[in-house]
A.B. asks: 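Here it is, the structure, as structure tokens.
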Amino acid sequence: MIGQLTIGPLSFTLWGLLPILAVSVFIPVVLHLLSSVRAPQVYFSTLRFLRLSMEKTARRRRVQHWLLLLLRTALIALLLLAVTQPLHKPRHGLAGDKARLAAAIVVDNSLSMAASSGPRRRFDIARNVAKDLIRSSSKPQELALIFTNGQAAQTEPKLSHDLPAALRRIDTAEVGLGTASMVSAVQAAVDVIKQSSLPNRVVYVLSDMQAGTFQNLGTCKGLTDNPDIPLMVLDCGPGETANLAVTDVRIKGHGPVAGATMLFEATVSNSAPDSRRAKVGLEIDGHRQDHVTQTVMLTAHGTSGSEQKVVFEYVFRQAGFHHGRVVIDGANDMLPEDDAREFALRIAERIRVLVITGPGGANDPTGPGYYVMAALKVPSAVSPVVNLLGEVNVQEIPQNDVVVCCDVPAFDANLADALRRFVGGGGTLVVFPGPNTDTANYNTQLGESDQPLLPAVLGEPTGDPVSRREASKLLRVDMDHPVFRELYDTQEKYQSVLVYCHLTTALHRRRPGTPIAWLERDRPLLLERRVGHGRCLLFTTSANTIWTNLPTRPVFLPVLVRVCLGSIGDADERRWHREGSHVTLAVRGDQPADIDVILPADAAGRSATVRVRSTPGDAGNAAVFTTTFTPGIYTWQTVGDVKESGLFVVAADGAESDLYPLTAEALIESLPDQPVYVAGNLDELREAIYKAARGNPIWDYFLILVLILATVEALFANRYRPAETRVAGPAQPAAAA
């Protein structure tokens, strides 16, 4: 009789032999009873002392015989148990090959799974294995399919009996752009598999075991809290890691304006185990800029020179939207998708600046806007326009990039609301107070709301602008802020600025602004607040020479120009997004607008258009676009008479370019209390499933015990074997006839 019997953690393959075992253990008992040794008889004249010795010997022999009996019984029992092929099945094992099974399959479709060293990608291997698990004879009765990236990952994981639907999902899934959050994916798998009432539950992970993805898997509470759910991992990586990649492109410069020099800083990396040479080039609007091509030597992965920066300079002569990419020529590696990285930016023709002044205007040196207009007329990239407070048309405010308020006495509700919408939509507001400033009005109109514009609450002026005896020096600035970054090497360049009078300030408790320049005794001179998609900068002193000498110092012009150039925005921040990002598309005006977004073309050259609608609010008028799963350049345009347009780039996560895997030993070590099986191919995975279902064979341990007991029994029996020689005695008297 052949089958399998499970008793607790033990299973017996040939359990039909167990009755024979039960009978066989009595064989030593029977033999013991039949072969009892009698003590020899010795005739002697007196038996008193001999009888005492024989009784002691008999008791000792009885103990020895019982020990031999136990040894021989155990020997036969262990031998027959070994013949039944016992298996040890831990508590996390599966119940058997034919048991009802609930499974969660986690398919890694991050960018690294697109790597290949032959005709098949890693993802193709994972796809085929997932389909084989579903179609096999031990297919699960309940299945949850979980992808880590792309649109396939947007589906909420749940258990289902519809296996054909799961196969269709696998066939339509593709590789994403981002890195896989394996901890989140496995946690979701455990959470959903716990809902099953079936006795057998297992989590499969089909991945290339990229080190950056798996290194934190030991922190997954779903695994550590559920040691009864085994984790089976199929390593889809071929073991090779040769890959050159452009992992990042940063666009630098003081503002993307026509005629200004822009810097493109590309990060190039090598994940190969040996050094590689990379020829890196720049393309702008589809045209190769051969004169800036550079060649760098990247050392082996893990060394300090395996990642390097390559900087390109380029001057855009025409305003408008531009795109480009940094590309590695002839990389010939495992992951061609990261051999190039695209970027996009808008080059402004001239920055439109509206200067609103209080009494005095900008024509006279004593006027509040005179020095601001004089500074802004110097750079050709800025187009300033000045309006007295009473001449401002609030409908024209959104047509500007920057609004500078110079000693405006007070703001009415209409102007304050227009400025709030302007900043929320991406504009820059610069505020210079002065002798005519009504601080209470400023705090009410620009400060008291859920989204205050002013970075701080304004107090009363302090100082003596007439005698100028208590002038305060500009002590320091935030050298890392874009306004001051790389403008001067030391703080001393700024310390020629003297302030005779300034407004006291107090930061908002719930939404404090950020000081970026300080007078003596840590009193702020310049503060900034981000509001919506724009910002407000507050100087605590005037823009003319009544309260300070700042307008006459060399720092005034470059700082003011940088503030205006910053209104264009950092192209790197606004136009570069990761997979699944929510991209905000800001438009002008205060009415809802339809926006058509054209997605990058697919491999067949087909492109799709998605329409979204903007929603006006305190933070501006903007729409949120979420279909960002395709790499490349996205263009958008408003629908209607007033045309606005833009573009942005969705690019891959640079961390996916490092193909180095985590070893199976390291993964198992990170989960010491968890049942983890790691397989290198489908056959090994099937073997792991088979072992988890049947248990681990232990009959070899039984045979070792048999050998040990046989040795002990032989030594024990020879040591205490009774004497066979009969002791001679006197002749018996003849019986009487």
Side-chain angles (χ1 to χ4, degrees), residues 321 346 348-356 383-405 408 410-431 441-455 511 528-538 564 566-569 573-575 582-597 610-626 634-648:
F321 291 100
R346 178 172 69 91
E349 184 173 359
R350 300 188 76 186
I351 300 172
R352 295 159 296 183
V353 181
L354 173 62
V355 180
I356 304 175
S383 175
V385 175
V386 64
N387 282 156
L388 291 172
L389 179 60
E391 302 173 353
V392 176
N393 183 354
V394 295
Q395 301 298 326
E396 296 178 354
I397 287 179
Q399 300 175 9
N400 296 277
D401 300 301
V402 183
V403 174
V404 182
C405 297
V408 173
F411 296 90
D412 59 32
N414 289 335
L415 180 56
D417 290 341
L419 290 175
R420 186 171 285 105
R421 291 193 299 272
F422 167 73
V423 174
T428 296
L429 173 64
V430 183
V431 178
N441 172 270
Y442 275 51
N443 292 329
T444 300
Q445 297 294 345
L446 303 181
E448 294 180 358
S449 70
D450 292 336
Q451 289 287 341
L453 288 182
L454 293 179
R511 295 180 177 86
E528 180 185 47
R529 175 191 293 285
R530 296 281 180 174
V531 181
H533 306 294
R535 58 179 179 162
C536 174
L537 290 104
L538 170 66
C564 294
S567 67
I568 300 298
E573 290 182 1
R574 292 198 174 193
R575 307 291 186 229
H582 292 189
V583 181
T584 300
L585 308 177
V587 296
R588 301 185 186 278
D590 54 4
Q591 297 298 319
D594 290 327
I595 304 173
D596 283 342
V597 182
V610 178
R611 177 166 292 186
V612 294
R613 189 171 180 81
S614 69
T615 302
D618 292 339
N621 190 8
V624 178
F625 183 75
T626 59
Y634 293 66
T635 60
W636 61 268
Q637 186 176 35
T638 55
V639 179
D641 296 334
V642 180
K643 296 293 185 182
E644 291 187 62
S645 60
L647 51 78
F648 60 89

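Just so we're clear, the structure is a prediction, and the values are computed from it rather than from any experiment.
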A.B. asks: For residues V408 and V431, determine if any side-chain heavy atom of one lies less than 4.5 Å from a side-chain heavy atom of the other.
C.D. replies: no

A.B. asks: Looking at side-chain heavy atoms only, is the closest gap between V402 and I351 below 4.5 Å?
C.D. replies: yes

A.B. asks: Test of understanding: with side chain to side chain donor-acceptor pair (under 3.5 Å), list the residues that count as partners of N443, not counting sequence neighbours.
C.D. replies: none

A.B. asks: Which pair of heavy atoms, one from C536 and one from P455, lies closest together, and at what distance?
C.D. replies: O-CG, 3.8 Å

A.B. asks: For D596, which residues count as a side chain to side chain donor-acceptor pair (under 3.5 Å) partner, sequence neighbours excluded?
C.D. replies: R611

A.B. asks: Are side-chain heavy atoms of R588 and E644 found at a separation under 4.5 Å?
C.D. replies: yes

A.B. asks: Is any side-chain heavy atom of D590 less than 4.5 Å from a side-chain heavy atom of R421?
C.D. replies: yes

A.B. asks: Looking only at heavy atoms, what is the nearest atom pair of N621 and Q591, with distance?
C.D. replies: ND2-O, 2.7 Å

A.B. asks: Show, in sequence, the C-alpha distance, side-chain angles and deciding distance for L453 and L419, and conclude whether the side-chain contact (heavy atoms from CB on, under 4.5 Å) test is met.
C.D. replies: CA-CA 9 Å; L453 288 182; L419 290 175; 4.2 Å; yes

A.B. asks: Any side-chain heavy atom of V583 within less than 4.5 Å of one from V597?
C.D. replies: no

A.B. asks: Please find the pair of heavy atoms, one from N441 and one from A410, that lie closest to each other, and give the distance.
C.D. replies: OD1-CA, 3.2 Å

A.B. asks: Any non-hydrogen side-chain atom of F625 less than 4.5 Å from a side-chain atom of W636?
C.D. replies: no

A.B. asks: Check the pair T428 / V423 against side-chain contact (heavy atoms from CB on, under 4.5 Å), numbers first and verdict last.
C.D. replies: CA-CA 6 Å; T428 296; V423 174; over 6 Å; no

A.B. asks: Under the rule for ring pair (Phe, Tyr, Trp, His ring centres under 6.0 Å), what residues qualify as partners of Y442, not counting sequence neighbours?
C.D. replies: F411

A.B. asks: State which residues pass salt bridge (Lys or Arg N to Asp or Glu O under 4.0 Å) with D412; sequence neighbours excluded, sorted by chain then number.
C.D. replies: none

A.B. asks: Please identify each residue that fulfils side chain to side chain donor-acceptor pair (under 3.5 Å) with E528, with sequence neighbours left out.
C.D. replies: H481, R535

A.B. asks: Find the distance between NE2 (H533) and CG (L585) and round it off to the nearest 0.5 Å.
C.D. replies: 9.0 Å

A.B. asks: How many angstroms lie between CG in D401 and CZ in R352, if you round to the nearest 0.5 Å?
C.D. replies: 4.5 Å

A.B. asks: Just so I know, are the side chains of V430 and V403 near enough to count as touching, which here means a heavy-atom distance under 4.5 Å?
C.D. replies: no

A.B. asks: How close do A622 and A586 get, heavy atom to heavy atom, and via which atoms?
C.D. replies: CB-CA, 3.9 Å

A.B. asks: Carefully, step by step, assess L354 and N387 under the rule side-chain contact (heavy atoms from CB on, under 4.5 Å).
C.D. replies: CA-CA 7 Å; L354 173 62; N387 282 156; 3.4 Å; yes

A.B. asks: Who passes side chain to side chain donor-acceptor pair (under 3.5 Å) against T638, sequence neighbours left out?
C.D. replies: none

A.B. asks: For the atom pair CG (L454) and CG (L446), what is the distance rounded to the nearest 0.5 Å?
C.D. replies: 4.5 Å

A.B. asks: Would you mind telling me which of V355, L429, L389 makes a side chain to side chain contact (heavy atoms under 4.5 Å, CB included) with C405?
C.D. replies: L429

A.B. asks: Indicate the atoms forming the closest heavy-atom contact of P452 with R529, along with that distance.
C.D. replies: O-CD, 2.9 Å

A.B. asks: Rounded to the nearest 0.5 Å, how far does CZ of R350 lie from OG of S383?
C.D. replies: 4.5 Å

A.B. asks: Can you tell me how far CG of L388 sits from CD of E391, rounded to the nearest 0.5 angstrom?
C.D. replies: 4.5 Å

